[in-house]
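Worksheet for the structure shown next.
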Amino acid sequence: MSEATTPLWRRRGLLEGAILLVALFAPFVVPAYTTQLAMLWIMVVIAQSWNVMGGQMGYNSFGNVIFFGVGMYTTAVLQVGLFMNVSDYNAAQGAAALQLTSFEYFLGLGLGLLAAAVMALIVAAIMGSGLLRLRGHYFAIGTLGLGIAFAEIFAGWEWVGAGSGMVTPLFPGGLGSREIFFYYAAFIAAALTFLMLRRFYAGRFGLALNAIRDDEDKAEAMGVHTTRYKTVAWCISAIFTGIAGGIVGNLVGFIDARDVAFSGITFGIWMILMTILGGKGTLWGPVLGAVVFHITQELFWTYLLGWQRVAMGLLIVIIVVFFPLGILGWARERYPEFFGHRVEGGEAAANEGRGE
């Protein structure tokens, strides 16, 4: 047991150390790509967050973008509302109407991200009380409908800019400092998401989610309070997704209800595709999927301008057809020994499918 386990943990430690080292110095090694790297960490957060429901618990949600948009608007509104009437700010075309000091900006941003997490949690708890009674495609369709509804509500809400959108407050630092700051903010969010979810999955909570995914009726019969676990899982997913939305709103600098905050055809679909590509129901799968997907997408936008959406559509088909278990699932079946699997007697453990 120790011979198989020790090298595996050593490899994981080396991998995490290497990622940390690269992440800390990346903005200084490739400063021209700081914004793209920040978005990569955001992709990791939203993919990991979606995986809580769609991978670990088997409830495929098309509405997690709701928490992304709620977090984005909540952060921006609190940043502005602490120092100016929000309606007047939006009527005066945003940033030109409000100049914040460094202290005011970071105070508003910190409280805004905290409020984004709380508001996303509240929305998830309220929605979960009704939606989580549904199962299968009924749940998926219900979440999709709510995502569209939220986009239309905020697009018609004058207080937050309606269809004209909302500009976030100007970052007080010098040239380039804004990108670096939000890069590290996104990286910290990704690291905390990963570490906290790893801890959750390692205990009773993770076992309960997997039991619901495998057979919810049997899980209930064995005494698992499935509704409680489903609601908690969705709230955890919402918290991290809401924080990611708050960071993206400030990184982009402009919030539009349909095209940014509640965009189901971009962030709403991307978080699902990244998880499937990397491997649903695993810890590292969404991370791997986010890296591969984001790099591929940036290459499409750079070299296939005009055809990038066609290429993205083909990528979606390839993911679904050729990687039904994700890259991590494929690698685990092909190289089981790398993941610490073995069969007594020297036989290959190719069919061993469990593990991190």
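Position 1 is the first residue of the sequence; numbering continues from there.
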What is the distance from atom [atom1] of [X] to atom [atom2] of [Y], rounded to the nearest 0.5 Å?
| X | Y | atom1 | atom2 | answer |
| --- | --- | --- | --- | --- |
| F181 | T34 | CZ | OG1 | 14.5 Å |
| L288 | L283 | CG | CG | 12.0 Å |
| L109 | L114 | CG | CG | 11.0 Å |
| M43 | Q48 | CE | CD | 14.5 Å |
| L131 | S61 | CG | OG | 8.5 Å |
| I42 | M271 | CD1 | CE | 11.0 Å |

Tell me, do [X] and [Y] make a side-chain contact under 4.5 Å, heavy atoms counted?
| X | Y | result |
| --- | --- | --- |
| V45 | F194 | no |
| P169 | Y105 | yes |
| Y229 | R204 | yes |
| F293 | L273 | yes |
| Y89 | V167 | yes |
| F139 | M53 | yes |
| M274 | W50 | no |
| F62 | I148 | no |

[X]-[Y] co-clustered via ILVMFWY side chain contacts under 4.5 Å:
| X | Y | answer |
| --- | --- | --- |
| V80 | L82 | yes |
| W284 | L325 | no |
| V292 | L15 | yes |
| V70 | I122 | no |

Next item on the list: Could you go through the side chain to side chain contact (heavy atoms under 4.5 Å, CB included) check for V224 and E216 one step at a time?
Entry: CA-CA 9 Å; V224 177; E216 187 170 346; over 6 Å; no

Next item on the list: Anything under 30° is parallel, anything over 60° is perpendicular, the rest tilted; go ahead and classify F154 against F150.
Entry: parallel

Item checked: Partner of F67 by side-chain contact (heavy atoms from CB on, under 4.5 Å), out of L121, V123, I243, I239 -> V123

Margin query: For a quick test of reading the model, state the closest non-hydrogen atom pair linking G242 to A116 and the distance between them.
Written below: O-CB, 3.8 Å

Margin query: side chain to side chain contact (heavy atoms under 4.5 Å, CB included) for Y184 and W41? Distances and angles first, verdict last.
Written below: CA-CA 9 Å; Y184 284 112; W41 292 121; over 6 Å; no

Please check: side-chain N/O of [X] versus main-chain N/O of [Y], any donor-acceptor pairing under 3.5 Å?
| X | Y | result |
| --- | --- | --- |
| D215 | A211 | no |
| R213 | L209 | no |
| S237 | A233 | no |
| N64 | T241 | no |

Next item on the list: Give the C-alpha distance, both sets of side-chain angles, the deciding distance and a yes or no for ring pair (Phe, Tyr, Trp, His ring centres under 6.0 Å) between F106 and F171.
Entry: CA-CA 9 Å; F106 291 116; F171 187 82; 5.7 Å; yes

Margin query: Run the ring pair (Phe, Tyr, Trp, His ring centres under 6.0 Å) test on W234 and Y59 for me, step by step, so that the C-alpha distance in whole Å, both residues' side-chain angles and the decisive distance to 0.1 Å come before the verdict.
Written below: CA-CA 10 Å; W234 213 15; Y59 269 66; 9.2 Å; no

Next item on the list: Verify side chain to side chain contact (heavy atoms under 4.5 Å, CB included) between F300 and L315, making sure each step is shown before the conclusion.
Entry: CA-CA 10 Å; F300 286 166; L315 178 62; 4.2 Å; yes

Item checked: Candidate pair E220 and T226, rule side chain to side chain donor-acceptor pair (under 3.5 Å), full reasoning -> CA-CA 6 Å; E220 287 183 349; T226 57; 2.7 Å; yes

Checklist line | Crowding at CH2, W301 (>12 non-hydrogen neighbours, <6.0 Å) | finding: yes

Item checked: Selection residues 67-85 - residue pairs positive for side-chain hydrogen bond (donor to acceptor under 3.5 Å, both in side chains), sequence neighbours left out -> Q79-N250

Checklist line | side chain to side chain contact (heavy atoms under 4.5 Å, CB included) evaluation trace for E298 with Y303 | finding: CA-CA 9 Å; E298 289 297 324; Y303 298 106; over 6 Å; no

Next item on the list: Please list, chain by chain and in numerical order, all residues satisfying side-chain hydrogen bond (donor to acceptor under 3.5 Å, both in side chains) with N60, sequence neighbours excluded.
Entry: K280

